[in-house]
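Heads up: the structure comes next, in structure tokens.
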Protein chains: 2
Amino acid sequence: MQDVLRGHLEKIIPLTDEEFAFIEPHFLLRKYKKHQFLIQEGMPVKYVYFVVSGLLKLVHTDDSGKQQIISFALEDWWESDYQAFYTQSEATFSLDCVEDSTVLCLSLESYQTLCASLPKMEHFFLEKANRGYMALQRRLLALMTTQAQERYEQLLKQHPALVQRVPKTLLASYLGVSRETLSRFSA
Amino acid sequence: MQDVLRGHLEKIIPLTDEEFAFIEPHFLLRKYKKHQFLIQEGMPVKYVYFVVSGLLKLVHTDDSGKQQIISFALEDWWESDYQAFYTQSEATFSLDCVEDSTVLCLSLESYQTLCASLPKMEHFFLEKANRGYMALQRRLLALMTTQAQERYEQLLKQHPALVQRVPKTLLASYLGVSRETLSRFSA
DNA sequence: GCTTTCAAGTGATGTAGATCACATTCAGGC
DNA sequence: GCCTGAATGTGATCTACATCACTTGAAAGC
């Protein structure tokens, strides 16, 4: 199971067996069922999660109770309420399972230990953060410039698997469009 | 002038004089006039920029020629077309001066040298990347959930100085709203 | 000083997409 | 096998905001 993690890390930083032997015990393997929460709004955030299998959604609930999907986390993705995680404060997002999922949990302490003792790991996280930043920038731009229907079509192209796995209601929320409007696009 | 840089770095990582003496020569000081371009769409991106003084805007131009402001870069901000910078490919954004500006330029080679030889620097950039990511996430959320007028009011609260310094037309583009609509809010 | 350009306000009209309301189909729990 | 709730489709109406068209005022260039 941890092989997945090693493969994932080694896409960016090659590791010796000793190094991986040092890294691996910092992660905690956990399984969650569909609809279970990994993070709940208002609660402390203990971990950042690496998705081994399954599918999570990161959600924000506004004052009027409406839910917005900030992002989906598929296999091989890292997810958390980073703000709350890094500052060890209360979650403003919730993270829960769209499907039964297996994740690896990394505590802030372990995260810091890994970064401090293995520059490679810090490099790995920097790389991930940068890519995440660039991806968000593109998403922001798309949200500002592109019509809802085109955004949907681009999602279909770029993540056809995701569209298959996720109810349209959730896709709509992710795309920033109402359920009804999204439904009218399929035609 | 480089004092500004040292102060900025030391907000996150304390440095010895020797360390800073090693870091500093990697930066190139440059001055630009209002309307001058640091990065032009279609051209290679040589540097990431640290703004010592002045104000820059990162802009995307779509097929129909319309401009969207991805972000502003005030004093103490880092900016570039990161995608193009890291992959040493052609810019899809342009970066130009809203006001006369002084910047420090860091090449990819120097960036990599700094990260490789000083783990502190890698840590610094990781910290910056993470904060940038979280800020973008909040902006994305605001764009999806909040009305244009409220977004404007929040900008007024959070960056009153920016609103003073920047023509409304540019603010509108940054907020993802038309010039005319923004104008009707002031009343 | 004059002209040209840029920033900004404002009315009239158009439209993407929200919201509300209801029908239908489908999967799961017991 | 029945019942309940989720997921989806679809019509009618409403609204935030875009777009177009024009005016005014102020700054910049020569």
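Fair warning: this is a prediction, and the values are worked out from it, not measured in the lab. Every chain is numbered from 1 and lettered A, B, ... according to where its sequence line falls, protein lines coming before strand lines.
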**Request:** For B/Gln154, check side chain to side chain contact (heavy atoms under 4.5 Å, CB included) against everything at least two apart and list the hits.
**Result:**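 Partners of B/Gln154 under the side chain to side chain contact (heavy atoms under 4.5 Å, CB included) test: B/Glu150, B/Gln158.
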
**Item:** Exercise: identify the closest heavy-atom pair between B/Cys115 and B/Phe125
**Value:**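 Reported closest heavy-atom pair: SG-CD1, 3.8 Å.
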
**Asked** Which atom names give the shortest non-hydrogen contact between A/Met121 and A/Ile13, and what distance separates them?
**Response**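 Nearest heavy atoms, A/Met121 then A/Ile13: SD-CD1, 3.9 Å.
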
Please report, rounded to the nearest Å, how far the [atom2] atom of [N] is from the [atom1] atom of [X].
{"X": "A/Leu175", "N": "C/dA16", "atom1": "CG", "atom2": "P", "result": "18 Å"}
{"X": "A/His35", "N": "C/dA27", "atom1": "NE2", "atom2": "P", "result": "15 Å"}
{"X": "B/Gln67", "N": "C/dC6", "atom1": "CD", "atom2": "P", "result": "13 Å"}

Using residues 65-72 of chain A as the side-chain source, report each donor-acceptor pair under 3.5 Å to any protein atom, sequence neighbours left out, with the distance given to one decimal.
from: A/Ser71; atom 1: OG; to: A/Glu79; atom 2: OE1; distance (Å): 2.7

Kindly give the atom pairs (protein nitrogen or oxygen, nucleotide nitrogen or oxygen) under 3.5 Å for nucleotides 27-30 of chain D.
none

**Asked** Under 3.5 Å, is there a donor-acceptor pair linking the side chains of A/Ser178 and A/Thr181?
**Response**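 A/Ser178 vs A/Thr181: donor-acceptor pair found between side chains.
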
**Message:** For B/Arg165, give me all partners under side chain to side chain donor-acceptor pair (under 3.5 Å), at least two apart in sequence or on another chain.
**Reply:**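 Here the qualifying residues are B/Glu75, B/Glu99.
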
**Message:** Please determine whether side chain to side chain contact (heavy atoms under 4.5 Å, CB included) holds for the pair A/Tyr152 and A/Thr146, giving the CA-CA distance in whole Å, both sets of side-chain angles, and the decisive distance to 0.1 Å.
**Reply:** CA-CA 10 Å; A/Tyr152 178 54; A/Thr146 317; over 6 Å; no

**Residues which pass salt bridge (Lys or Arg N to Asp or Glu O under 4.0 Å) with B/Lys157, listed by chain and number, not counting sequence neighbours** =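 B/Lys157 satisfies salt bridge (Lys or Arg N to Asp or Glu O under 4.0 Å) with no other residue.
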
**Request:** Please list, chain by chain and in numerical order, all residues satisfying salt bridge (Lys or Arg N to Asp or Glu O under 4.0 Å) with B/Asp100, sequence neighbours excluded.
**Result:**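 Per chain and number, B/Asp100 pairs via salt bridge (Lys or Arg N to Asp or Glu O under 4.0 Å) with B/Lys33.
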
**Request:** Please list residues of residues 160-172 of chain A whose heavy atoms come under 4.0 Å from any atom in DNA chain D, ordered by number; otherwise none.
**Result:**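 Under 4.0 Å from DNA chain D: A/Pro167, A/Lys168, A/Thr169.
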
**Prompt:** What does the inter-axis angle of the helix from C/dG1-D/dC30 to C/dC30-D/dG1 come out as, five pairs per end, nearest 10 degrees?
**Reply:**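 The helix from C/dG1-D/dC30 to C/dC30-D/dG1 shows an end-to-end axis angle of 60°.
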
**Asked** salt bridge (charged side-chain N to carboxylate O under 4.0 Å, His left out): which pairs involve residues 80-98 of chain B, sequence neighbours left out?
**Response**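 Residue pairs with at least one partner in residues 80-98 of chain B: B/Lys57-B/Asp96.
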
**Message:** Less than 4.0 angstrom from a charged side-chain N to a carboxylate O is my criterion; do B/Arg6 and B/Glu10 meet it?
**Reply:**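 A salt bridge links B/Arg6 with B/Glu10.
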
Under 3.5 Å, which donor-acceptor pairs link side chains of residues 43-50 of chain B to any protein atom two or more places apart or in another chain?
from: B/Tyr49; atom 1: OH; to: B/Leu38; atom 2: O; distance (Å): 3.3

**Item:** B/S/- contact track for nucleotides 15-23 of chain D, protein heavy atom under 4.0 Å
**Value:** -SSBBB---

**Request:** Sort and list the pairs that fulfil side chain to side chain donor-acceptor pair (under 3.5 Å) and have at least one residue in residues 117-127 of chain B, not counting sequence neighbours.
**Result:**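 Listed once each, the pairs are A/Glu122-B/His123, A/His123-B/Glu122, B/Glu19-B/Lys120, B/Glu127-B/Arg131.
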
